[in-house]
Amino acid sequence: MKSERRKFFVFSHKKRTFAPIMSTIIYSSPIFGPVHSRRLGISLGINLLPADGKVCTFDCLYCECGFNHDHRPSLPMPKREEVAQKLEETLQRMQAEGQLPDVLTFAGNGEPTCHPHFAEIIDDTIALRNKYCPKAKVCVLSNSTMIHRSEVHDALLRVDDNILKLDTIDPLYINKVDRPTGHYDVQQIIERMKAFHGHLIIQTMFMRGNACSHPLPEGGESVDNTGEEFVGPWLEAVKAIKPQQVMVYTIDRETPAQGLEKASREQLDAIRDRVIAAGIPCTASY
Ligand code: SF4
């Protein structure tokens, strides 16, 4: 159940040679962990994507799984029955060891709502949670691109923590940093987020730096979304969506693109305080 860290190489036009890019993580499937965290407690990961690669409707410059085209999977997504069976086996083992999870987290090698049976798997997971660890939360980390599908929307209403990505409302920035692989209209995403009527947590990555996208152009472009031209409109959208909570964070692990820099603690605290001042609970992770 261990995740795998890999190192890849890209061509550097400046040095005229191949240079190592940051190592990335490909998670086991369908279950990984558990991971112990001070904030979440014991978190058991559920990865609905293939075990040997990444499937995502975004291709973020900061993705810890790496760029999509470097990790094309050859294996299929796990079947619904396999997810339920492996989850039950893991929960039985954890129960026998006296260490049941505090949270069951849908994350891993890409976008969990891409799985064609996401909604049914959510129901299976809730049933197993109720059977083995009724106090544990079911949490989904999603990039929001599938919330227009009614079955995905309804399934996310049934989980405890529906954590949805909204890094900015600037379409140019989204195309540069989150890099949707298909049609993406941020205003439609905002409207779909409003339709959860508060049953969502918005997660936003803030960062600085001049990133080299892939393949590396000479120079690089600014990926700084900590300025008022980004934060102000984002905050207005957050207020309109009325989430139960906002989580702002910054780069924590190695990233596939070079040149990304962490937002400062002071910047994140200032953004957090503006969200709280708007009456919405907010946490900052550094
Ligand atoms: S949405 Fe998440 S999984 Fe997909 S590319 Fe971005 S960081 Fe990676």
Side-chain angles (χ1 to χ4, degrees), residues 3-6 8 10 21-30 32-33 35 43 45-73 75 77-78 105-115 118 139-149 152 156 161-171 173-186 189-190 192-193 200-207 209 211-214 223 225 234 247-263 285:
S3 57
E4 187 185 339
R5 190 171 280 277
R6 302 172 178 177
F8 286 84
V10 292
I21 57 175
M22 301 289 193
S23 61
T24 50
I25 300 173
I26 292 296
Y27 291 94
S28 307
S29 176
F32 62 94
V35 175
S43 171
I46 303 172
N47 173 22
L48 300 186
L49 293 319
D52 67 338
K54 180 185 169 194
V55 177
C56 195
T57 46
F58 275 179
D59 194 13
C60 300
L61 294 181
Y62 57 80
C63 183
E64 67 180 42
C65 296
F67 291 124
N68 292 359
H69 69 229
D70 289 328
H71 301 277
R72 299 270 181 236
L75 297 172
M77 294 184 189
T105 305
F106 283 82
N109 306 338
E111 174 53 35
T113 62
C114 286
H115 195 290
F118 173 76
C139 164
V140 176
L141 288 161
S142 165
N143 66 18
S144 317
T145 52
M146 297 287 175
I147 58 175
H148 60 281
R149 293 189 178 170
V152 171
L156 290 173
D161 286 346
N162 170 28
I163 303 179
L164 299 180
K165 183 188 291 293
L166 183 67
D167 284 344
T168 178
I169 67 158
D170 181 327
Y173 186 93
I174 292 167
N175 284 335
K176 183 166 56 177
V177 173
D178 294 331
R179 308 196 307 164
T181 58
H183 173 74
Y184 181 91
D185 181 332
V186 72
I189 296 288
I190 291 168
R192 300 285 178 190
M193 286 182 162
L200 77 161
I201 296 169
I202 290 179
Q203 187 183 53
T204 301
M205 163 73 81
F206 286 101
M207 63 182 173
C212 303
S213 56
H214 198 66
V223 291
N225 65 339
W234 168 84
M247 300 161 79
V248 298
Y249 70 126
T250 191
I251 299 160
D252 185 34
R253 298 187 177 136
E254 294 173 299
T255 59
Q258 297 175 333
L260 310 186
E261 294 171 18
K262 285 170 89 77
S285 306

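Counting convention: from 1, in listed order, for ligands and their atoms alike. All residue numbers refer to positions in the sequence shown, counting from 1.
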Requested in this report: Please test Asp59 against Lys54 for salt bridge (charged side-chain N to carboxylate O under 4.0 Å, His left out), starting from the C-alpha separation and ending with a verdict.
Outcome: CA-CA 10 Å; Asp59 194 13; Lys54 180 185 169 194; 3.6 Å; yes

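- Between the Thr250 side chain and the Met207 main chain, no donor and acceptor come within less than 3.5 Å of each other.
- Using a 4.0 angstrom heavy-atom cutoff, Glu64 does not count as in contact with ligand 1.
- With rounding to the nearest 0.5 Å, the separation of OH in Tyr62 from SG in Cys60 is 4.0 Å.
- Put simply, the residue from Thr181, Asn68, Thr145 that forms a side chain to side chain donor-acceptor pair (under 3.5 Å) with Thr57 is Thr145.
- Close to ligand 1: Gly110, with a non-hydrogen atom less than 4.0 angstrom away.
- Between Leu49 and Ser29 the shortest side-chain heavy-atom distance does not fall below 4.5 Å.
- Nearest to atom 8 (Fe) of ligand 1 by heavy-atom distance, out of Cys56, Ser144, Ala107, Cys63, is Cys63.
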Report task. Start with the C-alpha distance between Met193 and Ser144, add both sets of side-chain angles, then the distance that settles side-chain contact (heavy atoms from CB on, under 4.5 Å), and finish with yes or no. Result -> CA-CA 8 Å; Met193 286 182 162; Ser144 317; 3.3 Å; yes

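- Nearest protein heavy-atom neighbour of atom 2 (Fe) of ligand 1: Lys165 CE, 4.3 Å.
- At a heavy-atom distance under 4.0 Å, only side-chain atoms of Lys54, from C-beta outward, approach ligand 1.
- Each of the atoms 1 (S) of ligand 1 lies under 4.0 Å from some heavy atom of Asn143.
- Scanning the protein for heavy atoms near atom 5 (S) of ligand 1, the closest one is Cys60 N, 3.2 Å.
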